[in-house]
Asker: 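Please read through the structure below; I'll follow up with questions.
Counting from 1, the numbers follow the sequence of the chain as shown.
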Amino acid sequence: MKKVITYGTFDLLHFGHINLLKRAKELGDYLVVGVTSDSFDMSRGKINVRQSLIERIEAVKNTGLADEIVVEEYEGQKIDDIKRLNIDIFTVGSDWVGKFDYLNEYCKVIYLERTKGISSTMIRDGSLVRLGVIGDAPFINKFVEESKYVNGIEVTCICTKRADIIKESVKEFVSVVTDNYSELLSCVDAVYIISSPYLHTSVIEKALNCNKHVLCESPITINENDYNRLSALADEKGLILSEAIRTAYSTAYDRLRLLLKSGIIGKIISIDATCTSLRNHNNVTNYSELWNSICMWGPTAMLPVFQILGVEYSKKSIVSKIIDKDSRFDSFSKLSFVYPNAVATVKVGNGIKSESELIISGTNGYLYVPSPWWKTDYFEVRFENQENNRRYFYQLDGEGIRYELVAFINSIKAKKASEYVERRVSREIVKVIEDYYNGIDCTEIS
């Protein structure tokens, strides 16, 4: 039996892909197709891949041409696969001529002419999303700089009351810098919102009523009724309303969740998530303009709790150190959730420092993500017998900004909200934060 292998990303599978697979199949009796993993694509700069690994594998499988599918995850894997699978022929598109000649040492290399006039890049770049940014945080500079690495999107306008914080290099990249939100909405297709959480509802509502898609820093609102109303408005208008919790879009976090679903650490009993940062509040005159601990870090810290254990907890409690009662500005809060078969503890601090790690404990072992866990490109699965411990590494570019932008564009093009942060999770985050502001299940410490 003659075995053939080929590799590719197979993003947005099209006729060109299928034609290549058909011709590869004709070279032998058994076709192995290697689909590149998200992390390997990203390590090679392919940040504009639209579909997840699972979607791309499923698309290849549905062609009926692959006898076997493998995932390509690291440099040099082609040699390992060829030797392990006893491959006779390696084949790839003619645009790679000469690139894989070194594989002739292990099998025959054949370059196939690609189908002219079509490519995934052409499909991806068929239209450009013009994005506007609104807010007064220096983070705007980082966001705009990272957006340059993502195909299919262009930041065309910034709306801010603090034009002085915008770098000159960013101003040169963006067409318009204004303090007029209506002006921004007149020249964009979508908006990214990093304004104060108190303003989110009005800013989002105006954008949606102007038929603009929205990517908003979490929490989307601090009131559940507002969240439900805005979600319904987005659905009614066929618009995307997405939550910008960057951790949710990272490869490492995605792989972490998949591993947990496989039961690698047994039944999950406890989750402990800590997110803190040091801030000096000595000269603050208006706390309402600042992000407090529960809004700045609460959504990120609650994300793994609600995505892994669900939102059907039986009891919660919040203990906070509040340094400004009028705005309910907390420099530290500890949230506890009790489930029928598990518990979770979330600690957040804006002005208090702790080891910002994530620990998920199970009946067979535990999963450990070191500080700062929300930016992780590395985590460990640990067991009683340390010889069984496993370490996992995944590249993270741009603190996850690129990843969430790609997901946002994909949602706009597909006209369907992504599931990186499910609505039930977003709603529960809003409910917990609303309870905090209303003093429900809350205890204050001095």
Asker: How far does CG of Leu27 sit from NZ of Lys22, to the nearest 0.5 angstrom?
Answerer: 14.5 Å
Asker: Considering only NZ, NE, NH1 and NH2 on the basic side and carboxylate oxygens on the acidic side, decide whether Glu357 and Lys375 come within less than 4.0 Å.
Answerer: no
Asker: Test your reading of the model: is there a side-chain donor-acceptor pair from Thr247 to the backbone of Trp374, 3.5 Å cut-off?
Answerer: yes
Asker: Are the ring centres of Tyr366 and Phe383 closer than 6.0 Å?
Answerer: no
Asker: Is the distance between the ring centroids of Tyr403 and Tyr249 under 6.0 Å?
Answerer: no
Asker: Give a yes/no verdict on a cation-pi contact between Lys78 and Tyr7, requiring under 6.0 Å between NZ or CZ and the six-membered ring centre and an angle within 45° of the axis.
Answerer: yes
Asker: Does atom CZ (Arg84) have a neighbourhood of more than 12 heavy atoms from anything else shown, all under 6.0 Å?
Answerer: yes
Asker: For Phe173, does the six-membered ring have the charged nitrogen or CZ of Lys148 within the cation-pi criterion, i.e. under 6.0 angstrom from the centroid and within 45° of the normal?
Answerer: yes
Asker: For a side chain to side chain donor-acceptor pair (under 3.5 Å) with Ser218, tell me which candidate from His200, Glu243, Arg246 qualifies.
Answerer: Glu243
Asker: Determine yes or no for a side-chain-to-main-chain donor-acceptor pair under 3.5 angstrom, with Asp226 supplying the side chain and Thr201 the backbone.
Answerer: no
Asker: So, Thr9 side chain and Asp11 main chain: donor-acceptor pair closer than 3.5 Å or not?
Answerer: no
Asker: For the NZ atom on Lys237, are there more than 12 heavy atoms of other groups (residues, nucleotides or ligands in this structure) within a distance under 6.0 Å?
Answerer: yes
Asker: Could you give the distance from CG (Asn292) to CD1 (Ile222), rounded to the nearest 0.5 Å?
Answerer: 8.5 Å
Asker: With a cut-off of 6.0 Å (strictly less than), are more than 12 heavy atoms of other residues, nucleotides or ligands near CD1 of Ile54?
Answerer: no
Asker: With sequence neighbours left out, write down each residue that passes side chain to side chain contact (heavy atoms under 4.5 Å, CB included) with Ser231, or none if nothing qualifies.
Answerer: Tyr227, Leu241, Arg423
Asker: Sub-3.5 Å donor-acceptor pair from the side chain of Asp88 to the main-chain atoms of Cys107, do we have one?
Answerer: no
Asker: Could you tell me if Lys3 sits above the aromatic ring of Tyr30, with its cationic atom closer than 6.0 Å to the ring centre and no more than 45 degrees from the axis?
Answerer: yes
Asker: Please examine the side chains of Phe90 and Tyr106, heavy atoms only from C-beta on, and report whether any two atoms are closer than 4.5 Å.
Answerer: no
Asker: Taking the six-membered ring where the residue is Trp, are the ring centres of Trp291 and Trp297 under 6.0 Å apart?
Answerer: no
Asker: Any salt bridge linking Arg130 with Asp189? Criterion: basic side-chain nitrogen under 4.0 Å from a carboxylate oxygen.
Answerer: yes
Asker: Any side-chain heavy-atom pair from Val32 and Asp81 closer than 4.5 angstrom?
Answerer: no
Asker: Do Glu146 side-chain atoms and Glu399 backbone N/O form a donor-acceptor pair below 3.5 Å?
Answerer: no
Asker: side-chain contact (heavy atoms from CB on, under 4.5 Å) for Ser182 and Lys206? Distances and angles first, verdict last.
Answerer: CA-CA 9 Å; Ser182 295; Lys206 187 169 183 178; 2.8 Å; yes
Asker: Distance-only, no hydrogens or angles: does the Ser354 side chain make a donor-acceptor pair with backbone N or O of Ser356 under 3.5 Å?
Answerer: no
Asker: Ring-plane angle category for Phe100 and Trp96, please: parallel below 30°, perpendicular beyond 60°, tilted otherwise.
Answerer: tilted
Asker: Could you tell me whether Glu428 and Lys431 make a salt bridge, using a distance below 4.0 angstrom between a side-chain N and a carboxylate O?
Answerer: yes
Asker: Can you check whether Leu367 reaches Val369 side chain to side chain, under 4.5 Å on heavy atoms?
Answerer: yes
Asker: Do side-chain atoms of Ser175 reach the backbone of Cys157 as a donor and acceptor pair under 3.5 angstrom?
Answerer: no
Asker: Aromatic ring centroids of Tyr368 and Phe379 under 6.0 Å?
Answerer: no
Asker: Parallel, tilted or perpendicular for Phe143 and Tyr192, by the 30°/60° rule?
Answerer: parallel
Asker: Do Arg23 and Glu113 sit within salt-bridge range, that is, some charged N less than 4.0 Å from a carboxylate O?
Answerer: no
Asker: Does a salt bridge link Lys142 with Glu145, judged by any charged N lying under 4.0 Å from a carboxylate O?
Answerer: no
Asker: Would you indicate whether the side-chain heavy atoms of Val70 and Val33 approach each other to under 4.5 Å?
Answerer: no
Asker: Salt-bridged, Asp67 to Lys25, with N to O below 4.0 Å?
Answerer: yes
Asker: Is a side-chain donor or acceptor of Lys212 paired with a backbone partner of Leu185 at a separation under 3.5 angstrom?
Answerer: yes
Asker: Report yes or no: does Thr63 contribute a side-chain atom to a donor-acceptor pair with the main-chain N or O of Leu65 at less than 3.5 Å?
Answerer: yes
